[in-house]
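These notes concern the structure reproduced below.
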Amino acid sequence: MSALVDDVVTALWVALGGGVGAAARYALDRAVSARWRGRFPLGTFLVNVSGSLALGLFTGLLVDGSLPLSLLGVGALGGYTTFSTASYDTVRLARERHFGTALVYGLGTMFVTVAAAALGLWLAGLWPAGGWSTVG
């Protein structure tokens with residue numbers, strides 16, 4: 001029974017984190033869209049790159065399966081990043097015959113977000129051992 005309660009509590013924390021992350025994504029995307037007039041979906045691109053960097057950092061710093069990683073990684077950053085919107089924007093750009101922008105955006109999102117996540121993991125490795133451990 002205790003494991004079930006723990007799972008429900010974790011699910012509620014993940015849901016809370018997802019809501020906070022989605023609100024942060026919306027706020028950043030709106031702020032960028034208010035200033036950016038180009039075809040390139042800069043707001044979504046920045047959201048996915050910054051979310052990938054943060055996820056790499058948290059994954060490197062926090063213990064797998066810990067509540068902070070579930071709340072921040074799965075919940076908040078899962079709600080914050082939006083690769084489905086990136087996919088939709090890539091297809092939309094191609095359908096509007098902006099093939100170059102679609103290609104740069106689609107491939108750029110794939111490569112830059114993976115590089116950002118790797119950078120986050122690398123930065124986490126610079127942290128002193130045991131600095132953010134939540135176990136023991």
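- The nearest pair of heavy atoms linking Asn48 to Thr82 is OD1-N, 2.7 Å.
- Minimum interatomic distance between Phe99 and Ala94 (heavy atoms only, all atoms of both residues): CE2-O, 3.3 Å.
- Ring geometry for Phe45 against Tyr105 counts as tilted: the plane angle lies between 30° and 60°, on a 0 to 90° scale.
- Checked against Thr44 for a side-chain contact (heavy atoms from CB on, under 4.5 Å), the options Val32, Leu28, Val49, Asp29 give a single hit: Asp29.
- Side-chain atoms of Val91 and Ser87, non-hydrogen and from C-beta on, never get closer than 4.5 Å to each other.
- Cluster membership for Val8 and Val74, using ILVMFWY side-chain heavy atoms within less than 4.5 angstrom, is not shared.
- The minimum heavy-atom distance linking Arg92 with Pro41 is given by the pair NH2-CG, 4.1 Å.
- When the shell of 6.0 Å around CZ of Phe40 is examined, it contains more than 12 heavy atoms from other residues, nucleotides or ligands.
- Between Arg25 and Thr81 the shortest heavy-atom distance is NH1-O, 3.7 Å.
- Distance alone, capped at 3.5 Å, is enough to place a donor-acceptor pair between the Arg37 side chain and the Ser33 backbone.
- Both Phe111 and Leu103 are assigned to one and the same hydrophobic cluster, defined by single-linkage of ILVMFWY side chains at heavy-atom distances under 4.5 Å.
- The two residues Leu77 and Phe58 come nearest to each other via the heavy atoms CD1-CD1, 3.6 Å.
- Distance OG/Ser84 to CG/Asp89: 9.5 Å, rounded to 0.5 Å.
- Leu12 and Val14 sit in two unconnected hydrophobic clusters of ILVMFWY residues. Membership requires side-chain heavy atoms under 4.5 Å apart, directly or through other members.
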| field | Derivation and outcome, side chain to side chain donor-acceptor pair (under 3.5 Å), residues Ser50 and Tyr80 | value | CA-CA 9 Å; Ser50 61; Tyr80 179 73; 2.7 Å; yes
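- Taking hydrophobic clusters as Ile, Leu, Val, Met, Phe, Trp and Tyr residues chained together by side-chain heavy-atom distances below 4.5 Å, Trp127 shares a cluster with Leu53.
- At a threshold of 4.5 Å between side-chain heavy atoms, the hydrophobic network of Ile, Leu, Val, Met, Phe, Trp and Tyr places Leu55 and Leu46 in one connected group.
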Indicate every side-chain donor-acceptor pair of residues 112-120 with a distance under 3.5 Å to a residue at least two apart or in another chain.
unit_1: Thr113; atom_1: OG1; unit_2: Thr109; atom_2: O; d: 2.5
unit_1: Thr113; atom_1: OG1; unit_2: Met110; atom_2: O; d: 3.3

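- The line from OG1 of Thr90 to CG of Leu107 is 8.5 Å long, rounded to the nearest 0.5 Å.
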